[in-house]
Structure formats: structure tokens, C-alpha cells
Amino acid sequence: MTQLLSPKRLLAVSLLVGWSVDWLFYGKQLGISLLLFTLLATAALLALGRLEGVRPRLPNLWLLLPLFFFASMVFIRANPFVTNLNALAVLLLFAYLAFFYAAGRVPEIGVAGHFLLPLRV
């Protein structure tokens with residue numbers, strides 16, 4: 001089992017990301033807040049990974065493109081149904097990014113794995 005090099009660093013970043021959820025989402029319309037949170041959470045993941053010596057798998061970083069696309073479409077489109085679909089896509093892509101950050105390949109999990117992966121995460 002691996003141990004974090006700095007639990008205090010993880011706690012500080014987690015508190016920052018948690019505070020950003022409170023500041024960006026509560027009592028506000030879902031819009032550019034989702035894109036800002038996506039950028040912050042992705043930067044936190046990459047920064048903590050780098051500081052802890054966990055390198056991301058480069059073949060899996062393509063997930064960042066659709067992640068940022070769907071996050072930006074939330075504030076471009078105002079249709080509530082499309083906004084909900086975009087937010088769901090962001091959540092699912094975050095699950096894929098977290099699961100495949102440092103190991104594995106997305107195409108290798110099979111059809112059933114694509115449906116079960118968000119539940120595993």
C-alpha cells in the first residue's frame with residue numbers, strides 16, 4: 001500500500017476544492033462555474049499527481065478535451081435539458097479521468113466496463 005508523501009498537502013488542496021464548490025455552486029445558476037471548477041479540479045489532480053510522483057498515462061489524457069468541451073458548453077447553451085446532459089457528461093468524464101489517471105487504457109475495459117466504471121469510482 002502506498003502512503004502519501006504529504007497528507008497536509010492533500011488536506012489543503014481538498015479544502016480549497018471544497019471551498020470552491022461552496023463559492024461557485026451554492027445559490028447560483030450552473031454556468032461558467034462548472035468550467036471554472038473543472039479547471040480547478042483538473043489542475044489540482046495534475047499538481048498533486050506531480051508533487052506525489054504519480055505520472056499520468058499520456059494515452060488517457062485525451063479525456064481532458066471532451067471534459068473541457070462539455071464543461072464549457074454548460075455556459076454556452078441555456079437549454080436546461082442540454083445543460084443537464086453536459087453536466088452529466090462532465091461527471092462521467094471526471095470518473096474516467098480519476099480511474100485511468102495513472103494506469104490502464106480506456107479502450108481496454110469493454111462494453112460492460114463502460115457502464116460499471118462510474119459505479120466503481
Side-chain angles (χ1 to χ4, degrees):
M1 175 176 274
T2 60
Q3 183 177 6
L4 290 174
L5 298 176
S6 176
K8 291 179 184 176
R9 186 178 340 176
L10 178 63
L11 178 64
V13 171
S14 300
L15 289 173
L16 174 70
V17 171
W19 174 78
S20 72
V21 169
D22 184 47
W23 185 66
L24 290 170
F25 294 111
Y26 288 119
K28 297 181 174 84
Q29 289 278 335
L30 191 63
I32 197 162
S33 300
L34 186 63
L35 178 60
L36 294 175
F37 176 76
T38 303
L39 290 170
L40 179 68
T42 304
L45 174 67
L46 294 172
L48 279 176
R50 179 177 209 128
L51 290 172
E52 298 295 333
V54 178
R55 298 186 53 104
R57 289 274 317 234
L58 294 179
N60 295 332
L61 290 182
W62 67 269
L63 290 167
L64 293 174
L65 291 174
L67 177 69
F68 293 138
F69 171 76
F70 287 117
S72 64
M73 290 308 290
V74 168
F75 81 93
I76 292 174
R77 296 288 303 188
N79 183 337
F81 180 71
V82 176
T83 298
N84 288 332
L85 288 178
N86 286 329
L88 179 63
V90 168
L91 288 173
L92 292 174
L93 286 166
F94 261 132
Y96 274 82
L97 186 63
F99 190 80
F100 290 108
Y101 178 75
R105 290 181 45 115
V106 176
E108 294 175 356
I109 64 172
V111 175
H114 284 290
F115 293 110
L116 297 175
L117 183 109
L119 299 174
R120 289 181 66 188
V121 172

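Only heavy atoms go into these numbers, but all of them, side chains included; no hydrogens, no water, no symmetry mates.
Taken together through direct or relayed side-chain contacts under 4.5 Å among Ile, Leu, Val, Met, Phe, Trp and Tyr, V21 and W23 form part of one hydrophobic cluster. F68 and L65 fall into different hydrophobic clusters, defined by Ile, Leu, Val, Met, Phe, Trp and Tyr side-chain heavy atoms under 4.5 Å apart, directly or through other members. Hydrophobic clustering, with ILVMFWY side chains joined whenever heavy atoms are under 4.5 angstrom apart, keeps L15 apart from W19. In terms of hydrophobic clustering, with Ile, Leu, Val, Met, Phe, Trp and Tyr side chains grouped at heavy-atom distances under 4.5 Å, L11 and L40 are assigned to different clusters.
Side-chain heavy-atom separations under 4.5 angstrom define the hydrophobic clusters, and the remaining members of the one that includes L85 are F81.
Residues L35 and V74 have side chains not in contact (no heavy-atom distance under 4.5 Å, counting atoms from C-beta outward). In this structure the side chain of R55 never reaches within 4.5 angstrom of the side chain of R50, judged on heavy atoms. Using a 4.5 Å heavy-atom cutoff, the side chains of F25 and L34 are in contact. Looking only at side-chain heavy atoms (C-beta outward), N86 and F69 stay at 4.5 Å or farther from each other.
Note that CG of L91 is 12.5 Å distant from CZ of F70, once rounded to the nearest 0.5 Å. How far OG of S72 is from CG of L36: 11.5 Å, rounded to the nearest 0.5 Å. To the nearest 0.5 Å, the span separating CG on L93 from CG on L64 amounts to 9.5 Å.
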CA sep, side-chain torsions, deciding dist, call: T38, F94, side chain to side chain contact (heavy atoms under 4.5 Å, CB included): CA-CA 9 Å; T38 303; F94 261 132; 3.8 Å; yes
So L88 and L92, side chain to side chain contact (heavy atoms under 4.5 Å, CB included) or not? Walk me through it. CA-CA 6 Å; L88 179 63; L92 292 174; 4.2 Å; yes
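For F75, the ring pair (Phe, Tyr, Trp, His ring centres under 6.0 Å) criterion is met by no residue, not counting sequence neighbours.
Proximity of a side-chain donor or acceptor of T42 to a complementary backbone N or O of L39 within less than 3.5 Å is not detected.
Under the side chain to side chain contact (heavy atoms under 4.5 Å, CB included) test applied with F37, the options V17, V90, I32 reduce to a single match, V17.
Counting non-hydrogen atoms of other residues, nucleotides and ligands closer than 6.0 Å to NZ of K8 gives a total of 12 or fewer.
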